[in-house]
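Worksheet for the structure shown next.
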Amino acid sequence: MYIAKRLTAIRNSALLVSRFSTTKLRSSDHVFVHRDTPINNENVKFEFDKKNLPEVQKILAKYPENYKKGAIIPLLHLAQKQHGWTSLGVMNHVAGIVDVPPMRVYEVATFYTMFNREPVGKYFLQVCGTTPCQLCGSDNIFKTVEKHLGIKKGETTKDKLFTLVEVECAGACVNAPVMAINDDYYEDLTPELTVKVLDSFKSGKPLPPGPQGTRRTCEPAGGLTTLKSEPPGPGFMVRSDL
């Protein structure tokens, strides 16, 4: 009887532990399981246009004939730049070019988040939410974009102009917080500068990419502390007899 009571107590304790969570559950803003839609099914074909066909040949030329599958990622990237997103037709076409079963391409396209499996806006906003950017205020950048455009993460504006997503490290930590718009980085953002950048794209006259504050590239935010004068020439501090 004692043993039975102890087993029941241990079981109840385990159930309590298994239900305990310290973080809020968050679902992904993307669905990585294919579902046919009128614009994304096997009957909607894709082919590279005349402009990109030479680029396809350049990419394939980098790989031996029996290793053409190595070109899957660059070909998908090229196709996405042409089509705007990575549809089923895109993946099937790339599979045919590199002579692999379509599933091999599906595996790649659904593994890497850089490939958009759903249509996105003309301007694809990728705000970095990793630690350096978050410490420098990326949470406020998200709030600013959402309020100014009227969308949440993973959504597209009604005019199909902007899509907002959160990404992991964009590799521009020294210029945090950063937002990539298509292939260009907009750095050193504040809520005010973010609105200015978004409005420039709305007007069709995008601001130049890079730091949006006062510094150039990744110079110290507080100004130079070293190399403030002309560096000495050859022979500096070298013995005269050498």
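Just so you know, residue 1 is the first one in the sequence shown, and it goes up from there.
Across G129 and S138, no two heavy atoms sit closer than the pair CA-OG, 4.0 Å. When all heavy atoms are compared, the tightest approach of T156 to P119 is OG1-O, 4.5 Å. A71 and V98 get closest at one heavy-atom pair: CB-CG1, 4.4 Å. Of all heavy-atom pairs between Q212 and V197, the closest is OE1-CG2, 3.8 Å. Closest heavy-atom contact between N92 and P102: OD1-CB, 3.7 Å. The two residues I97 and L75 have their closest heavy-atom pair at CG2-CD1, 4.0 Å.
Sparse packing is recorded around NZ of K69, with 12 or fewer heavy atoms of other residues, nucleotides or ligands lying under 6.0 Å away.
By the criterion of side-chain heavy atoms lying less than 4.5 angstrom apart, applied directly or through intervening Ile, Leu, Val, Met, Phe, Trp or Tyr residues, M91 is grouped together with F46 in one hydrophobic cluster. Note on L88 and W85: separate hydrophobic clusters, where clusters join Ile, Leu, Val, Met, Phe, Trp and Tyr whose side-chain heavy atoms are under 4.5 Å apart, directly or indirectly. In the hydrophobic clustering of ILVMFWY residues, with side-chain heavy atoms under 4.5 Å counting as a link, L164 and V178 come out apart. Using a 4.5 Å cut-off between side-chain heavy atoms of Ile, Leu, Val, Met, Phe, Trp and Tyr, with links allowed through other members, V108 and I59 fall into the same hydrophobic cluster. Cluster annotation: Y112 is connected to M103 through the hydrophobic network of ILVMFWY side chains, with a link wherever side-chain heavy atoms come within less than 4.5 Å.
Between the side chain of E155 and the main chain of V165, no donor-acceptor pair closer than 3.5 Å is present. A donor-acceptor contact shorter than 3.5 Å is absent between the side chain of D188 and the backbone of P177. Under the 3.5 Å distance criterion, the side-chain polar atoms of S87 are matched with a main-chain donor or acceptor of V90. With T163 contributing its side chain and V120 its backbone, the two residues share no donor-acceptor pair below 3.5 Å. Q57 contributes no side-chain N or O that, together with a main-chain N or O of P54, makes up a donor-acceptor pair within less than 3.5 Å. Side-chain N or O atoms of T144 include none that pairs as donor or acceptor with a backbone N or O of P191 at under 3.5 Å. Here the side chain of Y185 pairs no donor or acceptor atom with the backbone of G210 at under 3.5 angstrom. Put simply, the side chain of N175 never gets that close to the backbone of P211: no donor and acceptor are under 3.5 Å apart. In this structure, the side chain of N52 does not engage the main chain of A79 through any donor-acceptor pair within 3.5 Å. Put simply, the side chain of N182 gets close to the backbone of K122: a donor and an acceptor are under 3.5 Å apart.
Checked against T86 for a side chain to side chain contact (heavy atoms under 4.5 Å, CB included), the options M114, Q80, E118 give a single hit: Q80.
Ionic pairing of K51 and D49 is not present here: no N-O contact between side-chain nitrogen and carboxylate oxygen is shorter than 4.0 angstrom. Look at R104 and E107 and you find a salt bridge, because one of the NZ, NE, NH1 or NH2 atoms lies within 4.0 Å of a carboxylate O, short of that distance. At a threshold of 4.0 Å, the pair K58-E55 counts as salt-bridged, since one of the basic side-chain nitrogens sits closer than that to a carboxylate oxygen.
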Exercise for review: Start with the C-alpha distance between E146 and I151, add both sets of side-chain angles, then the distance that settles side-chain contact (heavy atoms from CB on, under 4.5 Å), and finish with yes or no.
Suggested key: CA-CA 5 Å; E146 290 176 343; I151 56 175; 5.5 Å; no
Practice item. Step by step, work out the side-chain contact (heavy atoms from CB on, under 4.5 Å) result for L198 and L125. Key: CA-CA 10 Å; L198 294 175; L125 312 179; 3.8 Å; yes
Exercise for review: Please report the C-alpha distance between E219 and T217 in whole Å, then the side-chain angles of each, then the deciding distance to 0.1 Å, and finally whether the side-chain contact (heavy atoms from CB on, under 4.5 Å) criterion is met.
Suggested key: CA-CA 6 Å; E219 292 175 342; T217 63; 4.3 Å; yes
Practice item. Walk me through it: do T113 and V167 pass the test side-chain contact (heavy atoms from CB on, under 4.5 Å)? Key: CA-CA 9 Å; T113 57; V167 295; over 6 Å; no
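Put simply, CG on L207 and OG on S203 are 8.0 Å apart, with the number rounded to the nearest 0.5 Å. A distance of 11.0 Å separates SG in C128 from CG in L189, rounded to the nearest 0.5 Å. Distance check, rounded to the nearest 0.5 Å: CG of D99 to NZ of K68 gives 3.5 Å.
Ring geometry, F162 versus Y123: the interplanar angle falls from 30° to 60°, so the pair is classed tilted. Using cut-offs of 30° and 60° for the angle between ring planes, the F48 and H93 rings count as tilted.
Between Y106 and F115, the distance from one ring center to the other does not fall under 6.0 angstrom.
Residues V44 and I39 have side chains not in contact (no heavy-atom distance under 4.5 Å, counting atoms from C-beta outward).
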